[in-house]
Chemist: 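Structure provided below as structure tokens; questions to follow.
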Amino acid sequence: MLWLLLLILPCLGASVPGTPGPERPGIVGGCPVAARSFPWQVSLRFYSMRQHRWQHQCGGSLVHPRWVLTAAHCLEPQELGACAFRVQAGGLRLYAPGEELSRVVQIIRHPEYNSSLGAAGGADIALLRLEADVPRGRGVPVSLPAAALSIPARKICWVTGWGDLGYHRPLPPPYHLREVAVPVVGNGECDQRYRNSSRHRPAIRDDMLCAGDKDQNSCQGDSGGPLVCRWNCTWVQVGVVSWGRCCGLQNFPGVYTRVASYVPWIRSYVPWFSGP
Ligand SMILES: *[C@@H]1O[C@H](CO)[C@@H](O)[C@H](O)[C@H]1NC(C)=O
Ligand SMILES: *[C@@H]1O[C@H](CO)[C@@H](O)[C@H](O)[C@H]1NC(C)=O
Ligand SMILES: *[C@@H]1O[C@H](CO)[C@@H](O)[C@H](O)[C@H]1NC(C)=O
């Protein structure tokens, strides 16, 4: 898939000396998630003819019982309609017997997302409307930040997903959801690190947020999933897993779509939800 290539290609052109490729994973260095710790996490599925099943493609999060937030690059090519996708909510393990998939009835890609630039072009955010509400027993929506929220560098936040454990190291069965704590990296420093390092020089835009450290990061298959931070005893989704360089190299934090930049856009579609 294109999005996968997009994430892998920068690795092939890596110009950093001595990059320990296999050490840079998706959810790298994390721990298995205790039941119901991240009840908004969902798995976005795409039907695989080869595997004859709805295959995990990306992560996502419930922001309302009927709405999922994910990354626009997870929904490529743009011609794909809603019927090409399903959402699995409420399961800690992928493909568990009896898992229930929700139908997607509408895809809203952010209009500024440019698929020829891919995730690194920005506005890598999309909404999926589900056919029916996810019942509370299978999922609880996460809070959205205030549009003005600023996230201090070095704050510890959490990213979850079923993505690779490292470069070309897929999560093995039974595909249990993983979590990892990641420190926020300021945009200026993050931009410096990326610019410093490579001829690709993707710029870190204002609508992006960086987080992660060596051995703590997100990776292929985590895309679209949530980065959450805790304030005042409430979990708030501040990022959507978007792109990065080879999952977990010291100088390359993971790059997320900054949710606060898109709250008015999200609110123009998703009704307020204040609990059951
Ligand atoms: C998308 O990016 C490409 C490459 O920079 C550019 O040529 C094109 O005009 C952009 N498309 C839109 C709709 O902005
Ligand atoms: C950028 O590269 C220079 C020279 O190699 C180095 O001194 C500096 O610490 C690097 N900056 C970052 C943010 O990695
Ligand atoms: C947490 O609570 C304090 C005190 O009520 C408030 O000033 C602050 O804005 C809150 N932080 C967030 C991120 O909501």
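Excluded from the calculations below are hydrogen atoms, water molecules and symmetry mates; all remaining heavy atoms, backbone and side chain alike, are included.
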Chemist: Please output the side-chain donor-acceptor pairs of residues 125-132 that fall under 3.5 Å, not counting sequence neighbours, one pair per line with the distance.
Modeler:
from : atom 1 : to   : atom 2 : distance (Å)
R129 : NE     : Q106 : OE1    : 2.8
R129 : NH2    : Q106 : OE1    : 3.4

Chemist: Under 3.5 Å, side-chain donor or acceptor atoms of residues 98-105 against the rest of the protein: list the pairs with distances, not counting sequence neighbours.
Modeler:
from : atom 1 : to  : atom 2 : distance (Å)
E99  : OE1    : R45 : NH2    : 3.2
E99  : OE1    : Y95 : N      : 3.0
E99  : OE2    : R45 : NH1    : 2.8

Chemist: With R109, which residues qualify under salt bridge (Lys or Arg N to Asp or Glu O under 4.0 Å), at least two apart?
Modeler: none
Chemist: One pair to check against side chain to side chain contact (heavy atoms under 4.5 Å, CB included): L62 and V68. What are the steps and the verdict?
Modeler: CA-CA 5 Å; L62 289 170; V68 167; 3.9 Å; yes
Chemist: With a 4.5 Å cut-off on side-chain heavy-atom distances among I, L, V, M, F, W and Y, is there a chain of contacts connecting V140 to F38?
Modeler: no
Chemist: Between Y47 and W54, what is the ring plane arrangement, given parallel below 30°, perpendicular above 60°, and tilted in between?
Modeler: perpendicular
Chemist: Does any pair with a residue in residues 142-188 pass disulfide (SG to SG under 2.5 Å), and if so which ones, sequence neighbours excluded?
Modeler: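 Disulfide (SG to SG under 2.5 Å) check on residues 142-188 returns C157-C229.
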Chemist: Measuring from W162:CH2 to C58:SG, what's the distance to the nearest 0.5 Å?
Modeler: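 Atom-to-atom, W162:CH2 and C58:SG are 11.5 Å apart.
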Chemist: Please check if I156 and V241 belong to a single hydrophobic cluster, counting links between Ile, Leu, Val, Met, Phe, Trp and Tyr side chain heavy atoms closer than 4.5 Å.
Modeler: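 Different clusters.
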Chemist: Quick one: disulfide (SG to SG under 2.5 Å) pairs with a partner in residues 104-147, sequence neighbours left out?
Modeler: none
Chemist: Using side-chain hydrogen bond (donor to acceptor under 3.5 Å, both in side chains) as the criterion, point out the one residue from D222, D124, D207 that pairs with S242.
Modeler: D124
Chemist: Could you pull out the closest heavy-atom pair between Y113 and A123, with the gap in Å?
Modeler: CB-O, 3.2 Å
Chemist: Could you tell me which residues satisfy side chain to side chain contact (heavy atoms under 4.5 Å, CB included) with D191, sequence neighbours excluded, listed by chain and number?
Modeler: R195, A203, I204
Chemist: List for me each residue that meets side chain to side chain contact (heavy atoms under 4.5 Å, CB included) alongside P170, sequence neighbours excluded, and say none if there are none.
Modeler: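 In terms of side chain to side chain contact (heavy atoms under 4.5 Å, CB included), with neighbours along the sequence ignored, P170 is linked to D164.
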Chemist: Within the structure provided, determine whether P152 and V184 are in side-chain contact (heavy-atom separation under 4.5 Å).
Modeler: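 P152 does not reach V184 side chain to side chain.
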Chemist: Roughly how far apart are R178 CZ and Q41 CD, rounded to 0.5 Å?
Modeler: 13.5 Å
Chemist: Search all heavy atoms of C210 against all heavy atoms of P253 and return the closest pair with its distance.
Modeler: CB-CB, 4.0 Å
Chemist: To the nearest 0.5 angstrom, please state how far the CH2 atom of W67 sits from the OG atom of S61.
Modeler: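 Output value for this atom pair is 13.5 Å.
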Chemist: What residue pairs, at least two apart or across chains, pass salt bridge (charged side-chain N to carboxylate O under 4.0 Å, His left out) with a residue in residues 57-73?
Modeler: R66-D133
Chemist: Of the non-hydrogen atoms in L144 and V63, which two are nearest, and what is the gap between them?
Modeler: CD2-CG1, 3.8 Å
Chemist: Quick check: closest heavy atoms across H73 and A119, and the distance to 0.1 Å?
Modeler: ND1-CB, 3.8 Å
Chemist: Would you check if the distance from the ring center of H110 to the ring center of Y262 is below 6.0 Å?
Modeler: yes
Chemist: Please identify each residue that fulfils salt bridge (Lys or Arg N to Asp or Glu O under 4.0 Å) with R93, with sequence neighbours left out.
Modeler: none
Chemist: Would you list the atom pairs, donor with acceptor, under 3.5 Å between side chains in residues 79-92 and any protein atom, with sequence neighbours excluded?
Modeler:
none

Chemist: Which pair of heavy atoms, one from G139 and one from V134, lies closest together, and at what distance?
Modeler: N-CG1, 3.8 Å
Chemist: Applying side-chain hydrogen bond (donor to acceptor under 3.5 Å, both in side chains) as the test, list every pair that has at least one member in residues 264-273; sequence neighbours left out.
Modeler: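 Counting only pairs at least two positions apart or across chains, no side-chain hydrogen bond (donor to acceptor under 3.5 Å, both in side chains) contact touches residues 264-273.
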Chemist: Enter the distance from L177:CG to S37:OG here, rounded to the nearest 0.5 Å.
Modeler: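 These two atoms lie 9.0 Å from each other.
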Chemist: Could you go step by step and tell me if L44 and L75 meet the side chain to side chain contact (heavy atoms under 4.5 Å, CB included) rule?
Modeler: CA-CA 10 Å; L44 178 63; L75 304 168; 3.9 Å; yes
Chemist: Going by the disulfide (SG to SG under 2.5 Å) test, which pairs reach into residues 117-151, not counting sequence neighbours?
Modeler: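 Non-adjacent pairs meeting disulfide (SG to SG under 2.5 Å): zero.
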Chemist: Please test K155 against W231 for side chain to side chain contact (heavy atoms under 4.5 Å, CB included), starting from the C-alpha separation and ending with a verdict.
Modeler: CA-CA 11 Å; K155 183 173 175 70; W231 278 282; 3.5 Å; yes
Chemist: With the 4.5 Å side-chain cut-off for hydrophobic clustering, are V259 and V270 part of the same group?
Modeler: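 Yes; tracing contacts between hydrophobic side chains, which count when under 4.5 Å, links both residues.
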Chemist: First locate atom CG of N187, then atom CE of M208, and finally report the distance between them rounded to the nearest 0.5 Å.
Modeler: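 Reported value, rounded in 0.5 Å steps: 9.0 Å.
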Chemist: Given the rule that I, L, V, M, F, W and Y join up when any side-chain heavy atoms are under 4.5 Å apart, are V185 and L149 in one cluster?
Modeler: no
Chemist: If you measure from CD1 on I266 to CG on L69, what distance do you get to the nearest 0.5 Å?
Modeler: 4.5 Å
Chemist: Looking at H56 and S43, what are the two nearest heavy atoms and their distance?
Modeler: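 That would be ND1-OG, 2.9 Å.
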